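Below: one structure, written as structure tokens.
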2 protein chains.
Amino acid sequence: MSAQLARPHILDPHGALDPCATCEARPVSVCNAIADTDLGRLAAIAVVTETEPGQCFIDEGEPANSFFNITAGTAKLFKLLPDGRRQITGFVGAGHFLGLAVSDTYAFSAEAIERVRFCRFQRSKLRMLLDDFPLMEKRLLEVAANELVAAQEQMLLLGRKTARERLASFLLLQSRQGMPCGHSRRRFSLPMTRSDIADYLGLTIETVSRTLTKLRSEGLIDVVSQAEIIVRNPSGLEGLAGGLC
Amino acid sequence: MSAQLARPHILDPHGALDPCATCEARPVSVCNAIADTDLGRLAAIAVVTETEPGQCFIDEGEPANSFFNITAGTAKLFKLLPDGRRQITGFVGAGHFLGLAVSDTYAFSAEAIERVRFCRFQRSKLRMLLDDFPLMEKRLLEVAANELVAAQEQMLLLGRKTARERLASFLLLQSRQGMPCGHSRRRFSLPMTRSDIADYLGLTIETVSRTLTKLRSEGLIDVVSQAEIIVRNPSGLEGLAGGLC
DNA sequence: GCGATTCGTTGACCTGGATCAATGCGCGGC
DNA sequence: GCCGCGCATTGATCCAGGTCAACGAATCGC
């Protein structure tokens with residue numbers, strides 16, 4: 001079972017890159033480089049797991065024993081302050097890698113938003129894995145570099161943008177989610193709650209709600225249902241978001 | 001000349017890791033793996049350059065032709081909004097790599113704070129470089145993973161911490177700058193201006209100034225001169241900073 | 001069908017940090 | 001020595017977004 005599962009998930013050149021953050025990324029096909037005989041060995045040390053929405057599968061501060069590759073669903077990554085304030089550092093979907101960092105404890109928590117499926121590897125075997133599959137290492141480096149760019153963009157948002165600008169940036173990001181480079185959807189749905197959006201944008205749920213209402217009243221977007229958005233004026237939103245992403 | 005220059009900078013296992021963000025990082029010695037004969041080849045494609053303080057050596061949006069390895073001095077990395085608002089995403093010193101991302105334009109600007117020296121490589125040769133020196137790739141991956149952790153910490157700061165907490169976190173980070181894991185200095189100097197600190201912490205210079213004054217009046221720190229800080233009460237500061245870093 | 005619960009919206013009010021403005025303080029040039 | 005300039009500090013005021021509170025609107029268990 002595992003070999004069939006492993007190929008499309010770990011090795012799919014499309015899954016692992018966030019197309020929004022990496023418009024110029026040229027996905028490297030890792031697929032072709034791994035022989036089928038090796039796939040068995042790879043699969044032998046991977047454990048495929050599924051989680052229910054709301055379930056935490058990585059806990060900040062716990063020993064970082066595993067390395068994850070998400071294969072389906074969406075999860076949120078977050079950090080907490082002692083008093084419970086939360087910052088969501090990202091939403092991750094199929095193809096993302098978690099637990100890369102050289103540290104013996106996890107630096108963040110991860111919780112499933114939708115039902116999430118992932119491959120889990122023992123971190124102690126990661127070194128070996130990378131030595132055996134050098135193209136996987138190249139892949140990880142690309143992914144990490146692109147996440148770094150996205151993180152810098154998010155710091156700009158959190159440090160310097162107004163609530164309006166944050167929501168505009170966020171909606172554009174979501175409209176490009178899972179789309180090929182340079183493309184976006186006019187209509188899309190948000191898998192996360194207002195509270196998640198607020199904690200991602202460094203705002204409160206009230207401000208998120210009010211700002212969405214305002215953007216709608218100005219004709220920039222439509223909020224069809226709680227989770228369903230239509231972008232009515234993409235260039236207007238882009239002007240608000242400031243710059244590219 | 002270049003071989004002698006290249007060895008300590010590109011290959012020094014200590015320089016490239018930010019000790020604060022990566023307390024648990026076990027630096028991998030890349031040194032030992034590269035033969036001296038190879039060093040010549042490596043040096044042949046590197047250009048060593050120096051910049052004056054205030055000089056911009058990377059411009060956001062420009063074609064990303066080069067890949068940099070800082071070998072001395074401190075620089076600030078930042079992103080700008082169209083109206084001039086600025087977010088400094090990090091201060092980088094000796095050992096840091098810049099221009100890793102898979103993108104054909106730079107995602108941020110870099111400006112020297114102190115006199116900065118760096119090695120510059122053509123990005124078009126990066127692939128070749130990494131193929132020839134696989135350990136360098138491992139190294140880059142480690143560095144990138146650790147920067148990602150630091151970036152998440154900074155997102156928590158920007159999204160959820162108060163001005164007081166931001167300053168406390170910042171001062172602790174600076175007190176650990178360049179120190180081995182788990183160590184810090186009581187007394188240290190800040191190479192950057194208040195304006196840089198403000199743009200790094202998502203505040204204004206006035207708030208930075210006022211908050212430092214407040215922390216001093218409470219006996220947590222001493223501001224000996226503009227650029228010189230003494231931490232009087234480390235655990236008090238840590239309590240404020242919330243959590244580890 | 002109907003409480004109970006959770007999530008989202010809206011309004012009234014408050015406050016932390018921004019903004020605006022004045023002043024202090026090195027430091028380099030001459 | 002003194003002027004000019006850039007950086008830092010301090011005070012007064014303002015406002016974007018937070019907080020508190022009330023109220024809809026889906027969803028679920030029974």
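Keep in mind that what you see is a predicted model, and the values were worked out from it rather than measured. We name chains A, B, ... by the order of the sequence lines, and we start the count at 1 in each one.
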Close N/O contacts between protein and nucleotides 14-17 of chain C (under 3.5 Å):
from: C/dG17; atom 1: OP1; to: B/A163; atom 2: N; distance (Å): 2.8

Detail all sub-3.5 Å separations between protein N/O atoms and N/O atoms belonging to nucleotides 27-29 of chain C.
none

Distances under 3.5 Å between protein N/O atoms and the N/O atoms of nucleotides 20-24 of chain D, please, pair by pair.
from: D/dC20; atom 1: N4; to: A/E206; atom 2: OE2; distance (Å): 3.1

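Checking side-chain atoms of A/S109 against main-chain N and O of A/E60 turns up a donor-acceptor pair under 3.5 Å.
For the pair A/I205 CD1 and D/dG18 P, the computed distance is 11 Å after rounding to whole Å. For A/D196 and C/dT6, the CG to P distance is 15 Å, given to the nearest whole Å. Nucleotide C/dT9 holds its P atom 7 Å from the CG atom of A/L212, rounded to whole Å. At whole-Å resolution of the value, CZ in A/R85 and C1' in D/dT19 are 14 Å apart. A straight line from CE of B/M192 to C1' of D/dC7 spans 15 Å, rounded to a whole angstrom. Following rounding to the nearest Å, A/E228 (CD) and D/dA26 (C1') show an atom-to-atom distance of 16 Å.
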Donor-acceptor list for residues 85-93 of chain B side chains, cut-off 3.5 Å, not counting sequence neighbours:
from: B/R85; atom 1: NE; to: B/D83; atom 2: OD1; distance (Å): 3.2
from: B/R85; atom 1: NE; to: B/D83; atom 2: OD2; distance (Å): 3.0
from: B/R85; atom 1: NH1; to: A/R160; atom 2: O; distance (Å): 2.9
from: B/R85; atom 1: NH1; to: A/E165; atom 2: OE1; distance (Å): 2.9
from: B/R85; atom 1: NH2; to: A/E165; atom 2: OE1; distance (Å): 3.4
from: B/R85; atom 1: NH2; to: A/E165; atom 2: OE2; distance (Å): 2.7
from: B/R85; atom 1: NH2; to: B/D83; atom 2: OD2; distance (Å): 3.1
from: B/R86; atom 1: NE; to: B/D199; atom 2: OD2; distance (Å): 2.5
from: B/R86; atom 1: NH2; to: B/D196; atom 2: OD1; distance (Å): 3.0
from: B/R86; atom 1: NH2; to: B/D199; atom 2: OD2; distance (Å): 2.8
from: B/Q87; atom 1: NE2; to: B/D199; atom 2: O; distance (Å): 3.1
from: B/Q87; atom 1: NE2; to: B/Y200; atom 2: O; distance (Å): 3.1

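You'll find the side chain of A/L237 stays beyond 4.5 Å of the side chain of A/N233, heavy atoms only.
In terms of the salt bridge (charged side-chain N to carboxylate O under 4.0 Å, His left out) criterion, B/D59 has no residue partners (sequence neighbours excluded). Evaluation of the side-chain contact (heavy atoms from CB on, under 4.5 Å) rule for B/L212 yields B/L167, B/L171, B/R194, B/V208, B/I221 as partners, not counting sequence neighbours. A search for salt bridge (charged side-chain N to carboxylate O under 4.0 Å, His left out) contacts involving A/R216 returns nothing, not counting sequence neighbours. In terms of the side chain to side chain donor-acceptor pair (under 3.5 Å) criterion, A/Q226 has no residue partners (sequence neighbours excluded). Remark: B/S209 pairs with no residue by the side chain to side chain donor-acceptor pair (under 3.5 Å) rule, at least two apart or across chains. For A/E50, the salt bridge (charged side-chain N to carboxylate O under 4.0 Å, His left out) partners are A/R115, A/R117, not counting sequence neighbours.
Take the nearest nucleotide of DNA chain C for A/R194 and for A/R160: the residue whose nucleotide is more 5' is A/R194.
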Worksheet item: Step by step, would you call B/R123 with B/S66 a side chain to side chain contact (heavy atoms under 4.5 Å, CB included)?
Response: CA-CA 5 Å; B/R123 268 180 52 95; B/S66 297; 5.5 Å; no
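The shortest distance between the side-chain N/O atoms of A/S195 and the OP1/OP2 oxygens of C/dC7 is not below 4.0 Å.
Note that the two end axes of the helix from C/dG1-D/dC30 to C/dC30-D/dG1 enclose an angle of 40°, each drawn from 5 base pairs, rounded to 10 degrees.
By the 30° and 60° cut-offs, the orientation of the rings of B/F118 relative to B/F57 is parallel.
Screening residues 178-189 of chain B for side chain to side chain donor-acceptor pair (under 3.5 Å), with sequence neighbours left out, gives B/R187-B/E228.
Not less than 6.0 angstrom separates the ring centroid of B/F78 from the ring centroid of B/F108.
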